[in-house]
There are 2 protein chains.
Amino acid sequence: MTSARERPTLEEVARRAGVSRATVSRVVNGSTTVAPPIQEAVRRAVRELGYVPNLAARTLVTQRTDSIALVLPETATRVFSDDPLFPGIVRGVSQELEAADRQLVLMMAGSAASHDRIERYAMGRHVDGVMFASMHGMDPLPGALARIGMPAVCSGRPLGRPAVPYVDIDHVAGVASAVRHLLDAGRQRIATIAGPQDMVAGIERLAGYREALRDSHRRSIVAVGDFTRESGAIAMRHLLDDDPKLDAVFVASDLMADGALRTLREVGRRVPADVAVIGFDDAEFARYTDPPLTTVRQPIIEIGREMVRLLLRLAEGEPVEEALILPTHLVVRDSG
Amino acid sequence: MTSARERPTLEEVARRAGVSRATVSRVVNGSTTVAPPIQEAVRRAVRELGYVPNLAARTLVTQRTDSIALVLPETATRVFSDDPLFPGIVRGVSQELEAADRQLVLMMAGSAASHDRIERYAMGRHVDGVMFASMHGMDPLPGALARIGMPAVCSGRPLGRPAVPYVDIDHVAGVASAVRHLLDAGRQRIATIAGPQDMVAGIERLAGYREALRDSHRRSIVAVGDFTRESGAIAMRHLLDDDPKLDAVFVASDLMADGALRTLREVGRRVPADVAVIGFDDAEFARYTDPPLTTVRQPIIEIGREMVRLLLRLAEGEPVEEALILPTHLVVRDSG
DNA sequence: CGCGTTTGTGAGAGCGCTCCCACGGTCGGG
DNA sequence: CCCGACCGTGGGAGCGCTCTCACAAACGCG
C-alpha cells in the first residue's frame, strides 16, 4: 500500500518493530525460534511498511536464486508452432514451480549462439537448475551442466547413455495399445508414419510399432516424417504408393496424423471405413479433426510437473531415480 | 573450461591480471577508459579463469535485474491450449530479449493467488519490467505497476483508458479487408462469429464487422463465441438458425472458424460454394483446414518483439508512444 | 540457592559487485 | 620550466541480506 519510492529494507522493518535485523530475517524466513509476540510485531511492521525481501541480496549470501530455467529448442515452437507439447510442458512446469514458490526462466535454444548463452547462464549459477524439453539428438548441454554440479533434468530420454535424470512416457506400451486396437478391429495391413529418427520419441514409437507388429506376424510398412503436418501428408502418400491395400496406419504424432487424414481425404479413402488412423499425443485439436482422431494420450502437463519435482529434489541433494516413466492411454474416437 | 567447484570472483581475476577489482569491472562492463594492453590482460584472465559475473551481486548495487516478466493469463494456455498466439508471443519476446541480453521470466496468471504473487514479485522489483499478454477485461495490475514506477506494457489495448503503453493490431482495418473481400466476391448475407465481449480483440473485431457492413448497407447477423473451436461450432449453428440463407461468415478467430467449418460440413453446406468463411489470426493450422482457411493475418511474432522494444525504452526512461498499432493483411486461401 | 543448560535475541562479518573519490602520472600553456 | 588540467587506475564504502557466534535471560536440577 505504501507508495514510497524507496523500498523498505530489513533494517527499517527491524527499527519499526523494535528488534534486530536478524530477528526480522528469522520471522520472514519462517524460523520458529522467535517468541510469538515478537513475531506478531515483526509481521505487523512488514505489513505496514509493505516490505518485500530483496532477492538479489538474499541470493548473494545464500547462493540460491529460487529460479529454474526451462530450455526449449526453438524448433519446438517454430516448426511445430501449434505443437501441443510446448504449451503443455510450460503449463505443467509453471504450476509446479508456483507451488514451490520458484520462478521460471524460459530460454529458447535456437542458434549455436543461444546455446552458448544458455551454457554461460547456467554455469554462472544464475538459476538453481535447468530443465530441457524435447531436445534433439544427443545434446551435450545437459550432461555438461550435470558434470559441473548444476542440477539438470530432461523430458524425453536423452540419446546415448543418459547423463541426467529424465521423465518420459512409455512410448512402446502406448504404441502397443494402438496397434492392438487396430488388430482387434480386424485390420490386416497396418502401416506407420514414424517421427524423426534423431529424437527419442521418433525412435521409440517406431520400435514400438515394429515390436507390436512382429508379435502378430505382420509385415511392417514404414514412412518417416518429422512430426509436422506437412510431413505427415507426404508420408501418407508414400505409404499408399508402397501398399495401396493398407487398411490402417499408426501415426507417431497427431500433427502428422492430421496431415495423413488430409491426404487420405484427397485420394478418396474413407476414414475409418477404408483406412483406420491412430495418432499419438492427444493434442487439443485431435478432437476436432475430420473424423475425430483416435490417439494415444500422453500426460503432458504431468510431464512438466514431474520434471520440476525431480529437479527440485535433485537440487536439494536428495537421491532421485534415474528415470520416471509415465503411462499413456488410448483415447478412442472415430478415426480408428 | 575450468572445473573448479568455486566460481572465480572479480577479485581473483584482478589478482591474476595484476590490476584492481575496479579495473576488471570496467573491462567487463565495456568501459573504454582502460588502456588497451590492460584490457587485453584482463580479458585473458577472464578467459583463463572462466569468470562469469555474479548477477545477484551486480543487481544488488545497480538495482537492475536484467530480466523481464511476461505475464500470461492461464486461460491463454488452458482454454486455448492450441491457440497460436501464446507460442507466437513467447517466441517474439524471446528473440528480442535475447538480442538485448535480458532474461525472460514467465508467469502464469491463473488464480487470484497468482495475481497477488505477480504483484508482489513486480513490486519487489525483481524484474525491470512487466509485459502483459492478452489479458481479459480491465485488469488493474498493469496500471497498478505503472503507478509505482514499474515499467509495464500490454499486448492488446487495455479496456478503459489505457494506463500503460500497448501494442496491438488494427483490428478494424483487418476485419474491413475481410468483409470487403467477401463483398467483392458478391456475397450477400455476411454473418459474423464474434469473440468474447470482455476482450478487446472480441470487441474491436465485432465493431469492425459492424462498421464494414454498415458501409455496404447490409444487415448484420451476429453470434458470439469465446474464441474456442467448440464455441465456433455452436455459434455457426445459431447463425444458420437465424438466417439459413447466409452465404458468408467472418469469424473472429481461426480456432472458431475451424469449429464453424465443422458445423458447416455437418449440415452439408459446401465451403466456399455455399458459404464463404474467413477467419482471423492466421494460425499455423489455418493452412490445413478443409478447405484451407482464408484469414486475416496478424504479425504475432512482431507483436512480441515490439512489446519488448517498447518496454525496454520505457525502462530506459525514454519517451514512448502510447500505442503501437501493427498492420494486418488478408491471406486468401480456399474457404472464402 | 548456585550451577549448568537451554532458549531467544543481537552484533557483526561478509557474499561479489559497482561507483565515488582520491591519487599519481602525463601533458600543454604561460 | 613550473603549475593546473586531465586521464587512467586503485582504494574503499556500501548495496540488503543471512548466518555464525556471543550473550543475556529463563529454566531445571542437585
Side-chain angles (χ1 to χ4, degrees), chain A residues 4-43 45-46 49-67 101 120-121 123-128, chain B residues 4-43 45-46 49-67 101 120-121 123-128:
Chain A
R5 254 358 286 256
E6 292 305 317
R7 305 171 46 196
T9 69
L10 257 199
E11 191 74 52
E12 285 151 57
V13 175
R15 202 156 42 224
R16 178 161 194 129
V19 297
S20 76
R21 212 170 52 239
T23 297
V24 177
S25 176
R26 278 187 270 262
V27 173
V28 169
N29 292 293
S31 166
T32 51
T33 68
V34 176
I38 294 193
Q39 282 195 35
E40 186 40 46
V42 169
R43 260 189 266 277
V46 165
L49 259 30
Y51 170 75
V52 181
N54 182 321
L55 259 31
R58 177 179 290 172
T59 295
L60 189 56
V61 28
T62 59
Q63 306 278 41
R64 306 172 52 230
T65 63
D66 285 332
S67 58
D101 205 29
R120 287 182 62 81
Y121 194 72
M123 296 248 183
R125 312 223 145 242
H126 301 324
V127 285
D128 297 338
Chain B
R5 256 353 291 253
E6 292 306 316
R7 306 171 45 196
T9 69
L10 257 200
E11 191 74 53
E12 286 151 56
V13 176
R15 203 156 41 225
R16 179 162 193 127
V19 297
S20 76
R21 213 171 51 240
T23 298
V24 177
S25 175
R26 278 188 270 262
V27 173
V28 170
N29 291 293
S31 166
T32 49
T33 67
V34 176
I38 294 193
Q39 283 195 34
E40 185 41 45
V42 169
R43 261 188 266 276
V46 165
L49 259 29
Y51 170 75
V52 181
N54 181 321
L55 258 30
R58 179 179 289 172
T59 295
L60 190 56
V61 28
T62 59
Q63 306 278 43
R64 305 173 52 230
T65 63
D66 284 333
S67 57
D101 205 28
R120 287 183 61 82
Y121 193 74
M123 295 249 184
R125 315 223 145 242
H126 302 323
V127 285
D128 297 339

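Every chain is numbered from 1, with letters handed out A, B, ... down the list of sequences. No experiment lies behind these values; they were computed from the predicted model shown.
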Give the rounded distance in Å between these two atoms: [atom1] of [X] and [atom2] of [N].
X        : N      : atom1 : atom2 : answer
B/Arg7   : C/dG16 : CZ    : P     : 8 Å
B/Gln39  : D/dG8  : CD    : P     : 10 Å
B/Ile38  : D/dT9  : CD1   : C1'   : 7 Å
B/Asn29  : C/dG16 : CG    : P     : 17 Å
B/Glu11  : C/dC15 : CD    : C1'   : 13 Å
B/His126 : D/dG16 : NE2   : P     : 13 Å
B/Leu60  : C/dT18 : CG    : P     : 11 Å

With rounding to the nearest 0.5 Å, note down the distance linking [atom1] in [X] to [atom2] in [Y].
X        : Y        : atom1 : atom2 : answer
B/Ser20  : B/Glu11  : OG    : CD    : 9.5 Å
A/Arg64  : A/Arg58  : CZ    : CZ    : 8.5 Å
B/Glu12  : B/Arg21  : CD    : CZ    : 12.0 Å
A/Gln39  : A/Thr23  : CD    : OG1   : 10.5 Å
B/His126 : B/Arg120 : NE2   : CZ    : 8.0 Å
A/Asp128 : A/Thr59  : CG    : OG1   : 8.0 Å

Discussion item. Between A/Arg7 and A/Val52 (side chain of the first, backbone of the second, donor and acceptor by atom type, cut-off under 3.5 Å), is there such a pair?
Written reply: yes

Practice prompt. Identify, residue by residue, the members of residues 14-21 of chain A with a heavy atom below 4.0 Å from DNA chain C, and return them in order of residue number, or none.
Written response: A/Val19, A/Ser20, A/Arg21

Worksheet item: Between B/Ala56 and B/Arg26, which is nearer to the 5' end of DNA chain C once each is assigned its nearest nucleotide?
Response: B/Ala56

Worksheet item: Is any side-chain nitrogen or oxygen of A/Thr23 closer than 4.0 Å to OP1 or OP2 of C/dT9?
Response: no

Fill in: Distance below 4.0 Å between A/Asn54 side-chain N/O and D/dC15 OP1 or OP2
no

Nearest to the side chain of [X], which nucleotide is it out of [options]?
X       : options                : result
B/Arg58 : D/dG11, D/dT9, C/dC17  : C/dC17
B/Val34 : D/dG16, C/dG16, D/dT9  : D/dT9
A/Leu10 : D/dC17, C/dA11, D/dC15 : D/dC17
B/Thr62 : D/dC19, C/dT18, D/dC15 : C/dT18

Discussion item. By the 4.0 Å heavy-atom rule, please label A/Leu55 as base, sugar-phosphate, or nothing.
Written reply: nothing

Practice prompt. Could you check whether B/Ala35 gets within reach of a base, just the sugar-phosphate, or nothing at all, counting any heavy atom under 4.0 Å?
Written response: sugar-phosphate

Fill in: First encountered from the 5' end of DNA chain D, between B/Ala22 and B/Gln63
B/Ala22

